[in-house]
Amino acid sequence: AQSVAQPEDQVNVAEGNPLTVKCTYSVSGNPYLFWYVQYPNRGLQFLLKYITGDNLVKGSYGFEAEFNKSQTSFHLKKPSALVSDSALYFCAVRDNNNDMRFGAGTRLTVKP
Amino acid sequence: DTEVTQTPKHLVMGMTNKKSLKCEQHMGHRAMYWYKQKAKKPPELMFVYSYEKLSINESVPSRFSPECPNSSLLNLHLHALQPEDSALYLCASSQESSLVGLATGELFFGEGSRLTVL
């Protein structure tokens, strides 16, 4: 079965510094990988996805993610963090059975 | 219109009540989903409808009963729930359905219905 893992429960960065939220995957076949963000008491918002093509994927709000096949990783990055980026981030993988499976989530806190 | 609309936003019910959660999308999506999310946890898949037919049921207890009246609407009927069923219930939709090919697109989520069972 397809799965993703987020090794960090919490990531803290200072405003203006680069941020990285880690995700590794385990899939059979081609991976279809996604990042979502969730603000308190809200639904999930789509940030970006990797289906095929360039390993560096650009998404919403200045976020990008790098697909690395040899390391089976799909880390989320942003060059300069904002306090408003503080939220819960989920990595996800699309399954051939038409469902989407989420990682455990990483809480990002950006301090002024 | 790129929204998934869920009602009600909040619901409090007793263990003997019958209530329903509703979800609507007008993006022409052919797959719709129900997820359950507990606090500080990832969403857990409950049901998937593809072309208005139930395609996935993740062994959800029968006190949760999904219904897809048409391609735009998805309901979740609730009956005899337990306090541990209290959670945020998320509806989502996607353009593709694996019934007609590999689904690779993103899911669009509603804001959720926060359910409290007393």
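By convention in this document, chain letters (A, B, ...) are assigned in the order of the sequence lines, proteins followed by strands, and residues within each chain are numbered from 1.
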Which pair of heavy atoms, one from B/Gln37 and one from A/Leu44, lies closest together, and at what distance? OE1-CD1, 4.4 Å
I need the minimum non-hydrogen distance between B/Ser94 and A/Arg94, along with the two atoms involved. OG-NH2, 3.4 Å
Looking only at the aromatic ring of each residue, does the gap between the centers of A/Phe102 and B/Tyr35 stay below 6.0 angstrom? yes
Show, in sequence, the C-alpha distance, side-chain angles and deciding distance for A/Phe34 and B/Leu107, and conclude whether the side-chain contact (heavy atoms from CB on, under 4.5 Å) test is met. CA-CA 10 Å; A/Phe34 302 79; B/Leu107 272 59; over 6 Å; no
Roughly how far, to the nearest 0.5 Å, is the CD atom of B/Glu106 from the CZ atom of A/Phe46? 4.0 Å
Kindly check if the number of other-residue, nucleotide or ligand heavy atoms within 6.0 Å of CG (A/Asp54) is above 12? no
Verify, without hydrogens or angle tests, whether B/Tyr33 (side chain) and A/Met100 (backbone) share a donor-acceptor contact under 3.5 angstrom. no
Choice from B/Cys91, B/Pro43, B/Gly110, B/Ala39 maximising heavy atom contacts with chain A below 4.5 Å: B/Pro43
Check each atom of B/Gln6 against the heavy atoms of chain A and say whether the ones under 4.5 Å are side chain, backbone, both or neither. neither
Residues, nucleotides or ligands: over 12 heavy atoms within 6.0 Å of B/Lys18 NZ: no
Out of curiosity, does A/Leu47 fall in the hydrophobic cluster containing A/Tyr39 (side-chain heavy atoms, cut-off under 4.5 Å, transitive links)? yes
Using the rule given for side-chain contact (heavy atoms from CB on, under 4.5 Å), can you reason through B/Arg114 versus A/Asn41, listing the C-alpha separation, both sets of side-chain angles and the distance that settles it, and then say yes or no? CA-CA 8 Å; B/Arg114 182 159 302 280; A/Asn41 298 312; 3.3 Å; yes
One should read off an interatomic distance between A/Arg101 CZ and B/Leu45 CG, to the nearest 0.5 angstrom, of 5.5 Å
Test of understanding: clusters of I, L, V, M, F, W, Y form through side-chain heavy atoms closer than 4.5 Å, transitively. Do B/Leu115 and B/Met46 belong to the same one? yes
List the atom of A/Ala104, the atom of B/Pro42, and the distance in Å for their closest heavy-atom pair. O-CD, 3.7 Å
Under 4.5 Å from any heavy atom of chain B - which part of A/Ile51: side chain
Which region of A/Gln38, side chain (C-beta onward) or backbone (N, CA, C, O), has a non-hydrogen atom less than 4.5 Å from a non-hydrogen atom of chain B, or is it both or neither? side chain
